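A short write-up of the structure that comes next.
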Protein chains: 2
Amino acid sequence: MQKYTLKDLAKLLNVSVSTVSKSLNDSPEISTETRDRVKELALLNNYIPNGMAQSLKARETKTIGVIIPNVLDSFFAKALDGIETMASSLGYRIIICISNDSIKKEAESLSTFLSARVDGLIISLAKETQRNNDFSHIIKVINYGIPVVLFDRITTQLPCDYVSIDDFKIAKKATLEMYESGCKQIAYLSTIYDTSVDLHRKKGYLAAMKRINVKPCIINIKDYGVFEKNLLSALKRNSIDGILAADELSAIFTIRSVIKNGYKIPEEISVIGFTNGFMGEKFLPSLTTVEQYAGKQGKLSVETLIARIRGELTKKKVSTVLKSKILYRDSTKSLE
Amino acid sequence: MQKYTLKDLAKLLNVSVSTVSKSLNDSPEISTETRDRVKELALLNNYIPNGMAQSLKARETKTIGVIIPNVLDSFFAKALDGIETMASSLGYRIIICISNDSIKKEAESLSTFLSARVDGLIISLAKETQRNNDFSHIIKVINYGIPVVLFDRITTQLPCDYVSIDDFKIAKKATLEMYESGCKQIAYLSTIYDTSVDLHRKKGYLAAMKRINVKPCIINIKDYGVFEKNLLSALKRNSIDGILAADELSAIFTIRSVIKNGYKIPEEISVIGFTNGFMGEKFLPSLTTVEQYAGKQGKLSVETLIARIRGELTKKKVSTVLKSKILYRDSTKSLE
DNA sequence: CTGAAAGCGCTTACAG
DNA sequence: CTGAAAGCGCTTACAG
């Protein structure tokens, strides 16, 4: 199977490589007659330009590197979907790494992305990276001149653009609304502690508890293997009747554990989660949750990145904070 | 921010580009002294080799193109995860396209993958592609000499390797076991009709119904908007007490609709789905389902592809059909 | 309107 | 042990 090059086509047509190249690129320098001959032959021989050679000259690859912590979580799946859709509609390819929350994998993939000369990067930081507060690998990339956009799991310590939601505000609101609907003792539950989003949500929760003057209760669960046990003991110790869970999966696990142990939702315990995924939407009872606009965050990240690549942005970093909202469903009591 | 090239380093060190290149690649031709000087300077200046230039010479990109229909379905998310893990552990990058079940998007991304000169492709076909039975875009790729591995949504009409599970067999088994557990009238429900997997699962179901000599009942639902309505009318018309659903989401929708309308699961209606995702595992009742080994299919696809790329495989196409199994949970009556 | 030449950043066969 | 040269497959400034 021969892969034709410009040289091959040139030889076949008895013209120069320059002429072939210009013809294929619709240069006005070339006569229509020649252009048509070249194009016809190219088509006939299934000529496909070598993108690497083109990129080498053009000094851009039309490729974006994407790093997400995982793809099983519906938030990241939706974000990835948004990223891919927007990128491909703007003519960019996506190369992807799933960090599995490991800083090592994140850093390694950054290296291969750099050598692939991606035009830019979209990253949602690994848990480990946020816990260690170690951004040296990202700084290296930025110093190398590659634009970076962070989303969701972000940090303000880095000189780059980012996209997120108003985690603090919405967590506070969710807590207060559970309180207004009649919950006396609301807990904050998280399996993603040490991430930036968890931090802001927790702070929002704490602010609300302070406002209503109730002692806060934070339930951090390290591992889904001990989820039910930890949750139930916390429940009993503190007679909790409302739970703000930091992500979708932990919210569903909460509902499930609680129901299996005989509690009624929402009558005895209310639950609010984060992320609007199928699971929460279709669960029985369905989950009241914070709409995080995952797809939109993905799309905005791409738009911001590409604008940055094209130099359409001022030096000032752009930080887009989306206003989120609560999707009221069956895991909470009605406010009215 | 200067990006150093071999030339830059060579100039700084007063040696030739060849010497720098060889040093960096640990060529035994070079004296250790020179090698160390070169490496030190490279490190100091944050030299990152230009992968495009290297690939251009080496005629390989260490990049694999991946096309999946979507990433929200947990089967594909898990498969992607497996693909990424295996590929990165073998030193390959992944560029990804989400076809959204569109043949057009599939074909377009194939074009950009070809010009990016991916070393190989892993594809799970779009619904539209399977419905139209139009593989011309894939054939073009194969003829161009790029190895292709199909998984899950496959076709045997193409000269390429593939990975799948024994859909026919396991669907037949699932149907028969529902029958043995006491179901009299089992239906097959699908929202992914026209795909190869649906076809085989349906055939397995039909074979089982023939064996037990019961008139089959096939419920195809086009759109989740009309899911509940269509399902319920079918349920009433045929007094169905067992449902084999072709994927996870439709199985969950089935359970949900059925419960909301007052049926008891599994006492009145049994449900078996496909794919072992969180949603089915954590739903109440939890879903009895077919383990499709999504991650393993992804990993095997990569291994097969890379073996093929490296020329380690004989001309004969390898078709790996995994033996699947049923995960018994709460949506079916116990067999014992 | 067409083509020769240089160059993008590498690697490697060959010469010394 | 080191380097000059050719070449991977393109594009484009320049000459004619």
Side-chain angles (χ1 to χ4, degrees), chain A residues 1-39 41-42 45-63 112 114-119 144-146, chain B residues 1-39 41-42 45-63 112 114-119 144-146:
Chain A
M1 175 71 230
Q2 190 187 350
K3 286 181 181 118
Y4 283 81
T5 64
L6 291 187
K7 212 183 182 180
D8 298 323
L9 297 178
K11 197 171 294 173
L12 285 171
L13 288 166
N14 253 311
V15 297
S16 74
V17 168
S18 332
T19 300
V20 176
S21 172
K22 286 172 187 163
S23 299
L24 258 17
N25 291 315
D26 287 318
S27 159
E29 287 182 51
I30 305 291
S31 71
T32 37
E33 196 205 356
T34 310
R35 170 155 47 77
D36 292 347
R37 277 176 61 220
V38 171
K39 286 196 166 183
L41 191 74
N45 288 317
N46 235 308
Y47 169 73
I48 300 172
N50 185 319
M52 285 176 299
Q54 292 178 316
S55 296
L56 194 57
K57 278 248 67 170
R59 302 160 152 286
E60 63 168 8
T61 52
K62 291 278 182 186
T63 303
T112 89
L114 283 192
S115 92
R117 296 291 193 265
V118 294
D119 292 341
Y144 202 67
I146 312 286
Chain B
M1 175 72 230
Q2 189 186 353
K3 285 181 181 116
Y4 283 81
T5 64
L6 291 188
K7 212 182 181 180
D8 298 324
L9 297 178
K11 198 169 294 171
L12 285 170
L13 287 166
N14 253 311
V15 296
S16 74
V17 169
S18 334
T19 300
V20 178
S21 171
K22 286 172 189 164
S23 299
L24 259 16
N25 291 314
D26 285 318
S27 159
E29 286 181 53
I30 304 292
S31 72
T32 38
E33 196 206 356
T34 309
R35 169 154 49 76
D36 292 346
R37 276 177 61 221
V38 171
K39 286 195 167 186
L41 190 73
N45 288 316
N46 236 307
Y47 170 73
I48 300 172
N50 185 318
M52 284 177 299
Q54 291 178 314
S55 295
L56 194 58
K57 278 248 68 171
R59 300 162 150 287
E60 61 167 10
T61 53
K62 293 278 183 186
T63 302
T112 89
L114 284 192
S115 92
R117 296 293 192 265
V118 295
D119 291 341
Y144 201 68
I146 313 287

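The chains referred to below are lettered A, B, ... by the order of the sequence lines, with proteins before strands, and numbering in each begins at 1. Quantities reported herein were computed from a predicted structural model and do not represent experimental measurements.
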Test item: A:N50 and B:M52 side chains (from C-beta on) under 4.5 Å apart, heavy atoms: no
Nearest heavy atoms of B:S23 and B:T19, plus distance in Å: OG-O, 2.7 Å
Whole-Å distance separating the CG atom of B:L13 from the C1' atom of D:dT2: 13 Å
Backbone of A:G51 reached by a side-chain donor or acceptor of A:S55 within 3.5 Å: yes
C:dT2 phosphate, OP1 or OP2, under 4.0 Å from A:S31 side-chain N/O: yes
Side-chain donor or acceptor of A:R117 paired with backbone N/O of A:L114 under 3.5 Å: yes
Close side-chain approach of A:K11 and A:T5, heavy atoms under 4.5 Å: no
For nucleotides 14-16 of chain C, give me every protein contact, N/O to N/O, under 3.5 Å, one pair per line with atom names.
none

Sugar-phosphate, base or nothing in reach of B:S55, heavy atoms under 4.0 Å: nothing
Flag side-chain contact, heavy atom, 4.5 Å: B:L6 against B:Y47: yes
Length of the line joining A:I30:CD1 and C:dC1:C1', which is rounded to integer Å: 7 Å
Touch class at under 4.0 angstrom, heavy-atom based, for B:S27 against every strand present: nothing
Distance in angstrom units between A:D26 CG and D:dT11 C1', rounded: 15 Å
Inter-residue atom distance A:Y144.OH - B:N46.CG, 0.5 Å rounding: 7.5 Å
Distance test, side-chain N/O of B:S16 to OP1/OP2 of D:dT2, below 4.0 Å: no
Secondary structure string for DNA chain C (Watson-Crick or G-U under 3.5 angstrom, | for other-strand pairs): |||.||||||||.|||
Hey, what are the protein-to-nucleotides 6-10 of chain C N/O distances that come in under 3.5 Å?
from   : atom 1 : to    : atom 2 : distance (Å)
C:dG7  : N2     : A:K57 : NZ     : 3.2
C:dC8  : O3'    : A:R59 : NH2    : 3.0
C:dG9  : OP1    : A:R59 : NH2    : 2.6
C:dG9  : N2     : B:A53 : O      : 3.4
C:dC10 : OP1    : B:Y47 : OH     : 2.9
C:dC10 : OP1    : B:N50 : N      : 3.2
C:dC10 : OP2    : B:L6  : N      : 2.9
C:dC10 : O5'    : B:Y47 : OH     : 3.1

Sugar-phosphate, base or nothing in reach of B:S18, heavy atoms under 4.0 Å: base
Nearest non-hydrogen partners of B:V118 and B:T61, listed with the distance: CA-OG1, 3.7 Å
B:L12 side chain near B:N45 side chain, heavy-atom distance below 4.5 Å: yes
Closest heavy-atom pair and its distance - A:P49, B:S115: O-CB, 3.5 Å
Sub-4.5 Å side-chain heavy-atom contact between B:K3 and B:I48: no
